Amino acid sequence: QVQLVESEGGLVQAGGSLRLSCAASGRTFSSYAMAWFRQTPGKEREIVAAIRRTGSSAYYTDSRRFTISRDNAKNTAYLQMNSLKPEDTAVYYCAAAMVQTATKLHEYDYWGQGTQVTVSS
């Protein structure tokens with residue numbers, strides 16, 4: 001089992017940047033594919049980005065603005081968000097799956113508590 005704790009999100013102006021981190025504890029971090037999802041009220045949770053166990057490749061729904069990375073030595077995953085837009089406002093969750101790679105919600109077994117990101121116009 002792994003426990004995930006996201007860093008605090010925050011309020012940022014449109015066009016700004018924010019980096020989220022996800023600290024993992026428990027079993028070996030490098031055994032897990034990691035991902036970031038987000039959710040707004042009334043909508044389904046959607047994937048933002050995912051990264052393989054080794055960090056060798058990543059999946060994005062918007063690669064032009066977001067970058068996922070991981071540091072297996074620090075048991076931490078990151079989401080760098082640039083050129084933020086008001087529509088990026090959401091609760092962001094990190095998630096872990098004990099597979100090589102995963103891009104679907106149902107594949108992820110472990111979740112952080114979520115962190116609010118608000119982008120003002």
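This structure is a prediction, so every number in the text was calculated from the model and none was measured.
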Any idea which heavy atoms bring [X] and [Y] closest together, and the distance?
{"X": "G9", "Y": "V117", "result": "CA-CG2, 4.2 Å"}
{"X": "L11", "Y": "S120", "result": "CD1-CB, 4.2 Å"}
{"X": "V2", "Y": "A96", "result": "CG1-CB, 4.0 Å"}
{"X": "A102", "Y": "A50", "result": "O-CB, 3.3 Å"}

Residue of the set I51, N75, T76 for which side-chain contact (heavy atoms from CB on, under 4.5 Å) holds with R70: I51

Close side-chain approach of [X] to [Y], heavy-atom, < 4.5 Å:
{"X": "R53", "Y": "Y32", "result": "no"}
{"X": "K85", "Y": "R65", "result": "yes"}
{"X": "C22", "Y": "V5", "result": "no"}
{"X": "F66", "Y": "L84", "result": "yes"}
{"X": "L4", "Y": "Q113", "result": "no"}

When rounded to the nearest 0.5 angstrom, what distance separates [atom1] in [X] from [atom2] in [Y]?
{"X": "Y93", "Y": "W111", "atom1": "OH", "atom2": "CH2", "result": "9.0 Å"}
{"X": "L18", "Y": "T118", "atom1": "CG", "atom2": "OG1", "result": "10.0 Å"}
{"X": "Y108", "Y": "C94", "atom1": "OH", "atom2": "SG", "result": "10.5 Å"}
{"X": "T67", "Y": "W36", "atom1": "OG1", "atom2": "CH2", "result": "13.0 Å"}
{"X": "R38", "Y": "K43", "atom1": "CZ", "atom2": "NZ", "result": "9.0 Å"}
{"X": "L20", "Y": "I68", "atom1": "CG", "atom2": "CD1", "result": "10.5 Å"}

M81 and Y92: CA distance, side-chain angles, deciding distance, side chain to side chain contact (heavy atoms under 4.5 Å, CB included) verdict: CA-CA 11 Å; M81 303 184 289; Y92 284 72; 3.8 Å; yes

Is there a path from [X] to [Y] through hydrophobic residues (I, L, V, M, F, W, Y) whose side chains come within less than 4.5 Å of each other?
{"X": "L79", "Y": "F29", "result": "yes"}
{"X": "M34", "Y": "I47", "result": "no"}
{"X": "V91", "Y": "L105", "result": "yes"}
{"X": "F37", "Y": "Y59", "result": "yes"}

Exam field: side chain S83 to backbone G15, donor-acceptor pair closer than 3.5 Å: no

Donor-acceptor under 3.5 Å (E6 side chain, G114 main chain): yes

Donor-acceptor pair between S17 and N82 side chains, under 3.5 angstrom: yes

Residue pair S56 / T54, side-chain donor-acceptor N/O under 3.5 Å: yes

Heavy atoms of other groups near E87 CD, more than 12 under 6.0 Å: yes

